[in-house]
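Computed from a prediction, not measured in an experiment: that's the story for all the values here. Residues: numbered from 1 along the sequence shown.
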Amino acid sequence: MSSASNIVPALRRSAVGYVRVSTTMQADDGLSLDAQREAIKSYCAAHNLILKGIYTDVESGGKEDRKGLAQALSEQAHVFVVLKFDRLSRSIKHFCQLYEDHFSGQKELVAIREAIRLDSALGRALVNILLVFAQMEREATGERVKETISYIRGQGYHFGKVPYGYSTKPAEDKPKYRVLVPNADEQAVIERLKGLVAQKVTISSIAAMFNAERIQPPQGKEWTNSLVYNLKCRLGLQKPKRVNERNHTAQELQRRMLELRSHGHTLQQT
């Protein structure tokens, strides 16, 4: 028997892919979900890897808790493939934690476009530099969005969630922007609410009354105490409660505790 017949073929390594876009980046050139998937498939085919699956998220790269990422990381595979490192995370702290937890052992992390290996100190340093710029870009994008929203609102147009009592319509001078207009049905509910508050009807009674009359709430399927309370606060009908507000000082609390202890009360009783 020839020696060639005794050669055992090398086992093919397995791979799992992960693709991500943020809600504002889906149309960006070269970073769409389909483009990322095709790049991962091509890479695995070229490197003779068995692709077990590709997992997807439509989430910000700064968000750590992502369903698709968690599923991809839980897969048993030799190689974890992404198009770019910032698809995995745009947070330096999060990326470093991911690397320590999942890629410092046997599983290899591959970013197709960067072509950087993480099995050397130089490679890890280069990745950190890339992530610094990725995080900076994410923060800069957030600042640009805030500036844009401030500009839109400063021009008298509406942006964001429509407050209860109003609807929106295209602005006459700039149809791509929207303006608020009163919603007759919801304004009637608001007037009804003001009358009930003037009569000192409780929040729970108002909620029960609106539900019995099948009045459509601002959100959800029924009116709740919190919905009525928040609407009253927005309309200036009730002063919002301060979070963790106390009607005593720390010194008064300490004196009362000492007083109770002096009368023989246990810590649990106090």
Is a side-chain donor-acceptor pair under 3.5 Å present for Asp173 with Tyr157? yes
For Ser167 and Asn183, does a side-chain donor sit closer than 3.5 Å to a side-chain acceptor? yes
Check the angle between the aromatic planes of Tyr99 and Phe95 and answer parallel, tilted or perpendicular using the 30° and 60° thresholds. parallel
For Glu222, is there any backbone N or O sitting under 3.5 Å from a side-chain donor or acceptor partner on Asn211? no
Looking at Gln187 and Gly165, would you say the former's side chain and the latter's main chain have a donor-acceptor pair under 3.5 Å? yes
How close do Gln269 and Gly264 get, counting heavy atoms only, and between which atoms? OE1-O, 4.3 Å
Grab the two heavy atoms, one from Leu88 and one from Tyr18, that are nearest each other, plus how far apart they are. CA-CE2, 4.3 Å
Check Glu259 with Arg256, please: is the shortest side-chain N to carboxylate O separation under 4.0 Å? yes
With a 4.0 Å cut-off, would you call Lys194 and Glu191 a salt bridge? yes
With clusters defined by side-chain heavy atoms of hydrophobic residues (ILVMFWY) lying less than 4.5 Å apart, directly or transitively, does Leu237 cluster with Val201? yes
Check Arg20, Lys67, Arg66, Glu75 against Tyr55 for a side chain to side chain donor-acceptor pair (under 3.5 Å) and give me the one that passes. Glu75
Arg13 side chain near His47 side chain, heavy-atom distance below 4.5 Å: no
What's the separation between atom OH in Tyr164 and atom CD in Gln216, rounded to the nearest 0.5 Å? 8.0 Å
